[in-house]
Amino acid sequence: MTNLRLRLLSYIVMAYMLLAFTWWALLLFTKNQDAFNAKSELMKIGMVAEGRVTNNQEFEQTIDYQELAKKYKRQEYMIFGEACVFVITLLTGLWFINQGYFREVKANQQRRNFLLSITHELKSPIASIRLVLETLMKRQLPKDKTDHLANSALKENERLHELVENLLLSAKLETAYQPLFEAVNLAELLEDLMAKLADRHPEANIALEKKEPFPFVRLDRYGMTSIATNLLENAIKYADGKPSLEVELSAVDKKVTLQFKDQGPGIPDEEKKRIFEKFYRIGSEETRKTKGTGLGLFIVHQIVLAHKGQIQVLDNEPKGTIFKIEIPIVE
Ligand code: ADP
């Protein structure tokens with residue numbers, strides 16, 4: 001049975017329960033009223049026979065009658081209270097069903113997005129590498145052309161490698177990831193990665209700012225490499241025009257602070273929280289220009305959490321995004 005049908009069925013059952021209970025509550029009210037009327041009538045007849053009262057007014061002022069009226073009023077309040085508890089419980093159940101339903105819809109949408117993007121991301125580098133190899137085998141080309149082709153195949157291979165790394169890492173992050181703390185010189189690690197990135201993107205403007213000399217700190221080298229690679233690649237990938245990117249690094253107050261500042265299109269406020277969800281990408285798969293899987297920032301976030309740190313997304317000036325990461329230094 002589909003989710004929608006199940007949801008509809010649960011609504012119908014709940015509506016029926018609500019109606020049935022309202023009916024039972026009303027019935028209980030009238031029966032309670034009837035019982036009270038009958039009992040007070042009996043009491044009045046008794047009192048008149050005994051000569052204790054002569055009319056209705058006197059009867060209503062007797063203690064016996066007032067005690068009886070109080071008792072039945074209490075019963076009315078009880079019925080009303082029970083009805084309120086029942087309605088609140090039912091509405092809470094309805095709210096949970098709705099939440100579950102929307103979560104499921106969102107997860108399905110993400111899975112669909114993921115499948116669409118992963119298919120392209122896996123197929124396109126494989127096809128390009130194959131084309132390059134076939135061209136190289138079939139034709140004798142001048143050295144500069146061969147170099148150019150080999151270079152593009154290498155870039156595609158790198159893309160494929162990063163994608164597979166991200167896929168494996170995200171699976172691992174959900175099951176068995178434990179940071180392996182070792183003394184790392186983060187400044188050196190970043191310089192290395194940024195030099196490689198600058199090689200691959202000579203058009204990009206990439207700069208590192210650090211407090212000299214940067215100390216060795218205990219971190220997971222693999223995790224840090226993955227954080228930096230994903231954030232650096234994103235800054236280049238989402239830049240509109242010539243990518244401009246600055247990384248700031250400091251180790252003060254027993255924490256490492258890392259800031260990746262780009263001059264790209266920026267991230268709208270309503271998306272800032274969602275971008276760390278697994279497979280989440282801004283926009284729909286059909287309207288997006290850039291390719292990706294929506295795993296990068298999920299991985300970054302999980303690794304930061306595993307280091308007991310925090311990550312913030314801020315707006316850069318005059319435009320662009322700042323990813324600010326703070327990680328406590330482990331002694
Ligand atoms: P992917 O890049 O594979 O789509 P990510 O998890 O790395 O997945 O990013 C999630 C989304 O956040 C991206 O789809 C993109 O829209 C947005 N995003 C990430 N980094 C930046 C950035 N530096 N500038 C603008 N948008 C970004």
Side-chain angles (χ1 to χ4, degrees), residues 106-107 109-125 155-156 158-174 190 193-194 197 200-201 203-208 223-248 258-306 311-325:
K106 208 173 89 190
Q109 172 80 18
Q110 281 181 352
R111 270 195 289 274
R112 185 177 152 268
N113 269 357
F114 171 67
L115 270 182
L116 278 169
S117 58
I118 196 101
T119 313
H120 175 90
E121 291 282 289
L122 281 173
K123 275 179 146 180
S124 92
K155 271 191 188 167
E156 292 296 333
E158 187 80 14
R159 222 175 101 190
L160 202 61
H161 173 76
E162 270 163 24
L163 174 66
V164 172
E165 282 282 301
N166 269 355
L167 277 174
L168 294 178
L169 185 56
S170 68
K172 195 171 156 194
L173 278 170
E174 284 182 316
L190 281 171
L193 288 174
M194 288 163 80
L197 196 73
R200 271 191 286 143
H201 301 275
E203 78 289 1
N205 182 5
I206 306 172
L208 174 66
M224 284 300 130
T225 309
S226 181
I227 289 180
T229 309
N230 276 304
L231 292 179
L232 293 170
E233 291 283 346
N234 274 358
I236 303 265
K237 190 161 74 170
Y238 295 106
D240 36 21
K242 198 176 138 201
S244 181
L245 157 70
E246 195 190 344
V247 182
E248 271 180 35
L258 250 169
Q259 297 197 67
F260 294 80
K261 304 179 170 182
D262 68 47
Q263 304 277 336
I267 297 176
D269 284 346
E270 64 275 14
E271 301 282 3
K272 284 195 172 92
K273 267 212 185 105
R274 301 203 61 194
I275 50 172
F276 295 112
E277 289 172 16
K278 199 176 182 187
F279 303 139
Y280 187 76
R281 305 197 70 214
I282 298 177
S284 76
E285 201 57 42
E286 288 80 10
T287 57
R288 239 176 260 125
K289 291 196 298 281
T290 50
K291 289 294 156 196
T293 53
L295 282 175
L297 292 181
F298 166 76
I299 289 173
V300 169
H301 188 214
Q302 294 298 315
I303 296 173
V304 170
L305 289 185
I311 182 164
Q312 281 173 282
V313 198
L314 309 164
D315 293 327
N316 200 3
E317 288 297 330
K319 69 191 199 61
T321 314
I322 304 176
F323 285 94
K324 183 177 179 188
I325 296 172

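Counting starts at 1 for both ligands and their atoms, following the listed order. For clarity, every value in this text was computed on a predicted model and none was experimentally measured. Positions are given from 1 along the sequence. Because only heavy atoms are used, hydrogens play no part in the values below, and waters and symmetry mates are left out as well, while side chains stay in.
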*Identify, by atom number and element, the atoms of ligand 1 in contact range of Ile282, meaning under 4.0 Å from any of its heavy atoms.*
14 (O), 16 (O), 17 (C)
*Carboxylate-amine/guanidinium proximity below 4.0 Å for Lys319 and Asp240*: yes
_Show the nearest heavy-atom pair for residues Thr293 and Leu163, with the distance to one decimal._
CG2-CD1, 3.4 Å
*Do Gly292 and ligand 1 have an N or O pair less than 3.5 Å apart?*
no
*By salt bridge (charged side-chain N to carboxylate O under 4.0 Å, His left out), which residues pair with Arg274, not counting sequence neighbours?*
Glu277
*asked:* Using a 4.0 Å cut-off to any heavy atom of Lys237, which atoms of ligand 1 qualify?
replied: 1 (P), 2 (O), 3 (O)
*Is it true that Glu162 and Arg159 have a side-chain N and a carboxylate O under 4.0 angstrom from each other?*
no
*Of the choices Asp262, Leu297, Asp240, which has the non-hydrogen atom that lies closest to atom 9 (O) of ligand 1?*
Leu297
*Report yes if some N/O of Tyr280 lies less than 3.5 Å from some N/O of ligand 1; otherwise report no.*
no
*Work out which heavy atom in Glu203 is nearest to a heavy atom in Pro243; give both atom names and the distance.*
CG-CD, 4.0 Å
_Enumerated ligand 1 atoms positioned under 4.0 Å from heavy atoms of Thr321_ = 24 (N)
*Give a yes/no on ligand 1: does Asn230 have at least one heavy atom closer than 4.0 angstrom to it?*
no
_Side chain, backbone, both or neither: the part of Glu271 lying under 4.0 Å from ligand 1 by heavy atom_ = neither
*Where the side chain of Lys272 meets the backbone of Ile267, is there a donor-acceptor pair that is under 3.5 Å apart?*
yes
_Once salt bridge (charged side-chain N to carboxylate O under 4.0 Å, His left out) is applied, do any residues pair with Glu248, and if so which ones, sequence neighbours excluded?_
Lys261
*With heavy atoms of Gly296 as the reference, note each atom of ligand 1 found under 4.0 Å away.*
5 (P), 6 (O), 7 (O)
*Gly294 near ligand 1 by a heavy-atom separation under 4.0 Å*: yes
